[in-house]
Amino acid sequence: MVKEQKTTQKLKTPTLDHQITRGGETKLMSVDEASQDASRHPVLVVVSGNLLDVGRILPIGKEPVFIGRDTNTDLPLNDRLVSRKHIEIATLKEDVGGYTILVRDLSSTNGTFVKGKRISEAWIRLGETVEIGAETILLFRTESFSSIQDRNLILSMVSKDSLTGVYNRRAFEQLIEHVHEKFLNTTNCYSLLLIDVDHFKTVNDTFGHPAGDKVLRSIAMVIRSEIRAEDIVARLGGDEFAIILPHSRSAGATKLATRLLRRVKELCDEFNKPLNLTLSIGISEDRGSKLKTAEVYKQADIALYQSKQKGRDGWSIYSSSYEDLTNIV
């Protein structure tokens with residue numbers, strides 16, 4: 001019998017996912033083991049917090065990643081008590097017990113907590129959580145690559161408007177309920193803006209639907225550039241948009257409305273077409289009252305109707321005196 005010859009060819013050093021450290025000794029895994037192990041990846045999952053964030057997944061690798069409110073971080077969060085750069089995942093290790101990560105607080109204002117204790121840095125094992133901000137909880141676990149891609153894709157598909165990239169009506173209805181319940185019976189407040197593009201049908205009829213779609217995308221981009229990270233913008237359908245402003249009184253909402261009116265007029269110069277783009281905006285405010293979200297929405301809708309009655313290209317704040325001037329039920 002011919003004995004099987006042993007190969008002297010060395011395996012390439014695998015990536016972190018393809019090696020295990022036991023007792024200080026790094027051991028290479030077989031191809032099958034490496035393939036099986038590579039099918040799962042260490043991640044942080046947002047399991048509690050702002051509804052805009054819950055379910056999002058951040059893969060963890062060799063390079064440090066940053067989490068905070070800043071949109072330039074690897075996982076930007078919509079929690080107003082999270083600092084712009086709140087934590088760093090500085091190191092990922094793997095040993096016989098599984099993955100661990102080094103979580104480092106970046107001198108955040110409101111702190112980082114592990115097992116109920118505020119930390120400057122701490123090692124976290126699989127299954128453990130990190131708490132930051134007002135309500136955000138991050139769970140350290142592993143996920144398959146396909147699951148990461150599928151979940152992030154599904155979250156985007158069910159919550160985002162495919163044309164403009166802002167939230168759709170379904171997401172808006174969930175998010176305003178979340179904000180409303182959070183502020184109910186408190187001294188905090190939020191404002192709601194309902195926005196219509198004036199005479200938008202004329203744009204479609206005169207220049208075609210592709211031009212109309214471009215106008216809607218551009219208006220959505222203008223809105224997103226003018227709001228804060230914690231604010232929420234949605235397209236409700238057609239030429240209708242809504243903006244939720246947590247922790248903002250109607251005075252702040254009117255300042256935003258004024259900026260939007262100006263910015264949208266400036267868009268006309270970018271289209272090389274004789275467009276006359278203006279907005280009608282209705283504003284309502286809720287300060288921890290007993291109103292339901294439907295009533296807050298109706299008040300903004302009544303104010304929107306008033307803006308149109310006054311000649312469009314403007315904003316109105318809800319007043320009970322407007323109710324007799326509308327046919328809104």
Side-chain angles (χ1 to χ4, degrees), residues 71 159-173 175-176 190-245 248 250-285 296-319 322 325-328:
T71 55
S159 64
K160 296 294 181 71
D161 173 56
S162 59
L163 176 65
T164 61
V166 301
Y167 287 98
N168 56 27
R169 189 180 196 102
R170 177 180 179 274
F172 165 79
E173 291 172 350
L175 291 167
I176 194 171
Y190 72 93
S191 294
L192 172 65
L193 291 80
L194 293 184
I195 303 171
D196 273 3
V197 183
D198 296 328
H199 304 298
F200 181 70
K201 185 176 184 298
T202 303
V203 176
N204 280 334
D205 292 346
T206 305
F207 303 107
H209 288 277
D213 289 348
K214 186 177 180 181
V215 165
L216 293 175
R217 284 194 294 268
S218 297
I219 290 175
M221 288 177 63
V222 164
I223 295 173
R224 293 173 75 173
S225 70
E226 290 291 340
I227 62 176
R228 305 165 299 178
E230 65 191 86
D231 299 334
I232 300 163
V233 57
R235 180 184 175 211
L236 304 184
D239 62 339
E240 301 175 77
F241 292 87
I243 307 173
I244 306 170
L245 303 179
S248 182
S250 57
T254 60
K255 291 179 181 178
L256 172 61
T258 301
R259 295 199 306 271
L260 293 177
L261 292 172
R262 185 189 74 250
R263 290 286 310 279
V264 167
K265 285 182 182 178
E266 293 170 354
L267 279 177
C268 299
D269 298 330
E270 301 178 11
F271 282 92
N272 298 318
K273 289 181 173 62
L275 297 176
N276 183 26
L277 293 176
T278 60
L279 304 176
S280 293
I281 303 174
I283 300 168
S284 62
E285 174 190 309
V296 177
Y297 182 94
K298 179 182 176 181
Q299 290 181 355
D301 204 21
I302 290 172
L304 173 60
Y305 181 86
Q306 179 67 13
S307 295
K308 292 181 178 181
Q309 290 293 98
K310 291 191 299 186
R312 297 180 167 83
D313 187 22
W315 51 260
S316 299
I317 302 175
Y318 169 77
S319 168
Y322 295 157
L325 303 177
T326 70
N327 295 317
I328 298 175

J.: Taking side-chain hydrogen bond (donor to acceptor under 3.5 Å, both in side chains) as the test, write out the residues that go with Arg259, two or more places apart.
T.: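 Only Glu226 meet the side-chain hydrogen bond (donor to acceptor under 3.5 Å, both in side chains) criterion with Arg259.
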J.: OH of Tyr167 to CG of Asp161: how many Å apart, nearest 0.5 Å?
T.: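 Rounded to the nearest 0.5 Å, the OH-CG separation comes out at 12.5 Å.
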J.: How close do Ser307 and Trp315 get, heavy atom to heavy atom, and via which atoms?
T.: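 For Ser307 and Trp315, the tightest heavy-atom pair comes out as OG-C, 3.3 Å.
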J.: I'd like to know whether Val296 forms a side-chain contact (heavy atoms from CB on, under 4.5 Å) with Tyr318, so could you lay out the CA-CA distance, the side-chain angles of the two residues, the decisive distance to 0.1 Å, and finally the verdict.
T.: CA-CA 10 Å; Val296 177; Tyr318 169 77; over 6 Å; no
J.: Please examine the side chains of Ile244 and Phe172, heavy atoms only from C-beta on, and report whether any two atoms are closer than 4.5 Å.
T.: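 A side-chain contact under 4.5 Å exists here.
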J.: Roughly how far, to the nearest 0.5 Å, is OG of Ser316 from CG of Leu304?
T.: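 It comes to 8.5 Å.
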J.: I'd like to know if the side chain of Ser280 and the backbone of Arg312 have a donor-acceptor N/O pair within less than 3.5 Å.
T.: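 Looks like no, no N/O pair under 3.5 Å.
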J.: Would you mind reporting whether Val233 and Thr164 have side-chain heavy atoms less than 4.5 Å apart?
T.: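 Thr164 vs Val233: side chains apart.
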J.: Would you compute the distance between atom CG of Leu193 and atom CD1 of Ile283 and round it to the nearest 0.5 angstrom?
T.: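 Separation between the atoms: 4.5 Å.
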J.: To the nearest 0.5 Å, what is the distance between CG (Leu163) and CG (Asn168)?
T.: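 Between atom CG of Leu163 and atom CG of Asn168 there are 12.0 Å.
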J.: Which atom pairs, donor and acceptor, lie under 3.5 Å between side-chain atoms of residues 212-221 and protein residues at least two apart or in another chain?
T.:
residue : atom : partner : partner atom : Å
Ser218  : OG   : Lys214  : O            : 2.9

J.: Please name all residues satisfying salt bridge (Lys or Arg N to Asp or Glu O under 4.0 Å) with Arg224, sequence neighbours left out, ordered by chain then number.
T.: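 Arg224 satisfies salt bridge (Lys or Arg N to Asp or Glu O under 4.0 Å) with no other residue.
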J.: Report the distance from atom CD1 of Ile243 to atom CG of Asp231, rounding to the nearest 0.5 Å.
T.: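 Spacing of CD1 (Ile243) from CG (Asp231) equals 8.0 Å.
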J.: Please name all residues satisfying salt bridge (Lys or Arg N to Asp or Glu O under 4.0 Å) with Asp239, sequence neighbours left out, ordered by chain then number.
T.: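 For Asp239, no residue satisfies salt bridge (Lys or Arg N to Asp or Glu O under 4.0 Å) once neighbours in sequence are set aside.
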J.: Show, in sequence, the C-alpha distance, side-chain angles and deciding distance for Arg263 and Ser225, and conclude whether the side-chain contact (heavy atoms from CB on, under 4.5 Å) test is met.
T.: CA-CA 10 Å; Arg263 290 286 310 279; Ser225 70; 3.3 Å; yes
J.: Lys310: which residues meet the salt bridge (Lys or Arg N to Asp or Glu O under 4.0 Å) condition with it, sequence neighbours left out?
T.: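 Lys310 satisfies salt bridge (Lys or Arg N to Asp or Glu O under 4.0 Å) with no other residue.
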J.: Does Leu279 reach the side chain of Val197, with side-chain heavy atoms less than 4.5 Å apart?
T.: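 A side-chain contact exists here, since the closest heavy-atom pair is under 4.5 Å.
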J.: If we ignore hydrogens and angles and just use 3.5 Å, is the side chain of Ser191 paired with the main-chain N or O of Ser248 as donor and acceptor?
T.: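 Yes, the answer is positive, given that a donor and an acceptor are paired below the 3.5 Å cut-off.
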J.: Name the atoms and distances for all side-chain donor-acceptor pairs under 3.5 Å in residues 199-211, with sequence neighbours left out.
T.:
residue : atom : partner : partner atom : Å
Lys201  : NZ   : Asp205  : OD2          : 2.7
Thr206  : OG1  : Thr202  : O            : 2.8

J.: Within the 3.5 Å criterion, strictly below it, is a donor on Thr278 or Asp313 matched to an acceptor on the partner's side chain?
T.: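 Per modelled atom types, Thr278 and Asp313 side chains form no pair under 3.5 Å.
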J.: List the atom of Asp301, the atom of Leu194, and the distance in Å for their closest heavy-atom pair.
T.: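 For Asp301 and Leu194, the tightest heavy-atom pair comes out as N-CD1, 3.6 Å.
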J.: To the nearest 0.5 Å, tell me how far Leu267 CG sits from Leu277 CG.
T.: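 Here the rounded value is 6.5 Å.
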